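This is a predicted model, so every value here is computed, not measured.
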Amino acid sequence: MKITMSIFPENFLWGGSTSAEQIEGAYLTDNKLLSTADMMTLAKKGKSREITTAIEEKKFYPTHKAIDFYHHYRDDIKLFAEMGFSSYRFSIAWTRIFPHGDDNSPNIVGLKFYDEVVNLCLKYKITPIVTLQHFDTPMGLQKYGFWESRKVVDFYIKFATTVLKHFKGRVKYWLTFNEINNMTTMPWNAGGISLNANQDTKEFAAYHQLLASAKVVKIAHQIDSGNKVGMMYNGHFSYPATSNPKDIIGNQEFQKKLLFYADVQARGYYPSYKLKELERNNIKLPIKSGDITSLKEGKVDFISFSYYLTHVCGAKTKGVIKGLNGLDTGYTNPYLSKSEWGWPIDPEGLRYGLNLLYDRYQLPLMIVENGLGSEDKVVDGQIHDPYRIKYIREHLLQLEKAINYDGVEVLGYLTWGPIDLVSASTGEMKKRYGFIYVDVDNLGQGTFARLRKDSFYWYKKVIQTNGNYLITEKRGDC
């Protein structure tokens with residue numbers, strides 16, 4: 001293979017991301033108890049998942065088994081190492097450490113499990129990136145009203161502090177909440193809040209998470225000055241439907257509703273446009289003495305985000321409407337093709353989003369989710385997935401332009417679901433993202449065997465060459 005100058009920065013983080021509830025399974029093993037994710041049933045493509053108040057025998061809950069990473073983690077992380085991962089983002093299930101959410105002392109068995117995961121990553125020279133809450137608020141906190149309650153801020157801080165101290169010196173990168181702006185679009189996932197809850201409840205829950213995040217950022221820096229704590233934004237980027245000023249303003253209004261979370265976490269205060277919105281709706285945030293200072297002192301060190309698609313918005317986009325990926329803006333983009341699950345495919349939108357975030361905040365960025373959910377077929381023990389390779393290649397080429405042409409500072413690129421996992425939106429297994437196939441179906445049936453897809457070997461070459469393979473494979477230098 002001909003060696004050329006690297007097109008990505010030195011020490012660029014390559015890897016993949018997962019979440020506890022979508023891979024671990026073992027949902028009641030070793031003292032773990034139920035989380036909000038465990039109450040969500042399997043849905044069909046295009047349908048919403050049902051949320052039940054108790055576990056019902058005749059319904060299937062995908063997180064309960066998932067892909068059983070809890071018992072396969074050694075083999076799975078070894079496969080990540082084989083691909084050459086320099087980073088792996090995963091979440092620590094709150095209910096494995098404090099099963100009820102408000103327990104007096106941590107569950108030692110739960111900490112031991114994550115000890116083994118972290119230590120194995122370090123053995124393979126994989127940098128662990130840990131999300132503290134990823135769509136799995138403990139059901140034991142329901143009695144308080146989940147994140148609507150100020151008490152949950154303290155419980156979260158206790159959980160986070162326990163984990164930060166326990167992994168001091170072993171974990172450097174932390175994310176406080178996964179896709180925190182999903183409190184606007186998918187509030188149950190974000191924090192146990194009903195989609196039908198009134199606006200006051202959603203705004204209070206969002207405020208409490210923003211406050212909790214800020215407090216934990218400060219604590220993380222006090223525990224270890226080397227800690228880097230980021231926010232995680234669900235990358236909802238949008239284009240105006242037309243050049244009509246009304247569509248321009250409509251698009252701007254849409255973006256504000258979601259970007260305000262990043263504004264608070266990166267700048268340390270509620271932006272004036274959000275305060276005016278709250279004022280118009282007669283919503284008074286539950287601010288207590290010291291909160292304003294906490295937000296200022298708890299600004300994040302970097303911004304991570306997920307990227308799957310872009311939206312089109314305009315004058316008829318009213319608020320944020322539940323629908324595709326938590327949103328239905330009232331418009332479609334005629335210039336883009338769509339995935340099997342109806343998500344627009346827009347590699348250039350990644351470059352657009354990178355520039356938008358970097359221009360707005362001037363903080364390092366990290367892409368921690370990007371990938372294509374698709375059905376894969378096993379033929380003679382092999383999985384040929386050129387569609388996934390094409391998707392990731394095109395996005396990486398746009399990322400390279402953002403870095404080298406636009407000057408955006410990007411710390412790393414982590415795909416979503418490097419190993420097949422349960423889809424958060426539908427609970428399906430057949431919506432596969434991975435480079436590694438897991439033999440399990442939508443109903444949790446299968447051998448759970450792991451198989452390398454064609455994309456496994458392709459991504460390995462990309463990582464080995466620090467991205468240069470994206471260029472040399474076109475020229476035929478390999």
Side-chain angles (χ1 to χ4, degrees), residues 4-18 80 83-90 125-131 171-176 178-181 226-237 259 261-263 265-267 299-310 345-372 391-418 459 461-471:
T4 60
M5 183 177 294
S6 177
I7 63 172
F8 282 86
E10 188 178 353
N11 300 319
F12 191 74
L13 294 172
W14 294 98
S17 299
T18 63
F80 297 161
M83 264 191 288
F85 278 21
S86 56
S87 61
Y88 171 43
R89 174 196 169 218
F90 59 92
K125 300 190 185 323
I126 297 172
T127 297
I129 301 170
V130 174
T131 309
V171 177
K172 173 184 176 182
Y173 290 104
W174 301 88
L175 306 178
T176 52
N178 178 68
E179 295 182 334
I180 191 168
N181 50 318
N227 278 332
K228 300 295 181 185
V229 189
M231 69 90 58
M232 204 297 213
Y233 178 70
N234 187 346
H236 289 301
F237 306 108
L259 279 168
Y261 293 85
D263 285 350
Q265 291 188 283
R267 296 171 174 169
K299 290 182 285 188
V300 294
D301 301 307
F302 65 96
I303 293 174
S304 71
F305 69 101
S306 57
Y307 179 78
Y308 298 100
L309 50 81
T310 49
I345 298 174
D346 184 10
E348 289 176 305
L350 175 59
R351 181 181 177 188
Y352 167 66
L354 284 161
N355 275 277
L356 186 152
L357 292 175
Y358 194 61
D359 289 347
R360 193 175 182 103
Y361 304 115
Q362 291 293 297
L363 286 173
L365 305 179
M366 186 186 295
I367 299 162
V368 293
E369 291 187 26
N370 177 236
L372 177 68
Y391 179 98
I392 295 175
R393 178 195 295 119
E394 291 179 353
H395 282 75
L396 283 174
L397 289 170
Q398 292 299 321
L399 169 58
E400 186 272 332
K401 288 181 180 179
I403 293 170
N404 294 322
Y405 188 88
D406 304 327
V408 178
E409 183 181 359
V410 185
L411 300 172
Y413 173 84
L414 292 81
T415 66
W416 175 244
Y459 195 49
K461 290 177 182 176
V462 172
I463 295 172
Q464 280 179 334
T465 61
N466 199 29
N468 287 355
Y469 187 63
L470 298 167
I471 306 300

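- A side-chain donor from one of W174 and N227 sits under 3.5 Å from a side-chain acceptor of the other.
- Taken from CZ in F302 to CG in L357, the straight-line distance is 13.5 Å, to the nearest 0.5 Å.
- Looking at K401 and E348, no side-chain N of the basic residue comes within less than 4.0 Å of a carboxylate O on the acidic one, giving no salt bridge.
- Considering T415, T131, T127, T18 as possible partners of R89, the one that fulfils the side-chain hydrogen bond (donor to acceptor under 3.5 Å, both in side chains) test is T131.
- Here L309 contributes atom CG and I345 contributes atom CD1; the two are 10.0 Å apart, rounded to the nearest 0.5 Å.
- Looking only at side-chain heavy atoms (C-beta outward), N234 and F305 stay at 4.5 Å or farther from each other.
- To the nearest 0.5 Å, atoms CZ (F80) and OG (S87) are separated by 11.0 Å.
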Dump the intermediate steps for side chain to side chain contact (heavy atoms under 4.5 Å, CB included) on L372 and I392, then the final yes or no. CA-CA 8 Å; L372 177 68; I392 295 175; over 6 Å; no
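- Between the side chain of N181 and the backbone N or O of Y261 there is no donor-acceptor pair closer than 3.5 Å.
- Minimum interatomic distance between L175 and S304 (heavy atoms only, all atoms of both residues): CD2-OG, 3.4 Å.
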Between H395 and Y413, is a ring-ring contact (aromatic ring centres under 6.0 Å, His included) present by the stated rule, with each step listed? CA-CA 10 Å; H395 282 75; Y413 173 84; 8.3 Å; no
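- A donor-acceptor contact closer than 3.5 angstrom links the side chains of Y308 and E369.
- When side chains are defined from C-beta on, Y233 does not count as touching E179, because their heavy atoms never get closer than 4.5 Å.
- Between I129 atom CD1 and L13 atom CG the span is 5.5 Å, to the nearest 0.5 Å.
- Judged by distance alone, the side chain of Q398 and the main-chain N or O of E394 form no donor-acceptor pair under 3.5 Å.
- Across every non-hydrogen atom of P9 and V410, the tightest pair is CG-O, 4.5 Å.
- Nearest heavy-atom pair across Y361 and L259 is OH-O, 3.5 Å.
- Contact between L363 and V300 at its shortest, heavy atoms only, is CD1-O, 4.0 Å.
- Side chains of M232 and V368 form a contact here, defined as non-hydrogen atoms less than 4.5 Å apart.
- Shown here for G349 and T310, the closest heavy-atom pair between the two residues is CA-CG2, 3.9 Å.
- For the residue pair P418 and F85, the shortest heavy atom distance occurs at CB-CZ, 3.7 Å.
- Under the side chain to side chain contact (heavy atoms under 4.5 Å, CB included) criterion, E400 pairs with I7, F8, N404, not counting sequence neighbours.
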Derivation and outcome, side chain to side chain contact (heavy atoms under 4.5 Å, CB included), residues W14 and V462: CA-CA 9 Å; W14 294 98; V462 172; 3.8 Å; yes
Full working for side chain to side chain contact (heavy atoms under 4.5 Å, CB included) between L365 and L411: CA-CA 6 Å; L365 305 179; L411 300 172; over 6 Å; no
Assess the residue pair L350 and F237 against the criterion (side chain to side chain contact (heavy atoms under 4.5 Å, CB included)); give the C-alpha distance rounded to whole Å, side-chain angles, the decisive distance to 0.1 Å, and a yes or no. CA-CA 9 Å; L350 175 59; F237 306 108; over 6 Å; no
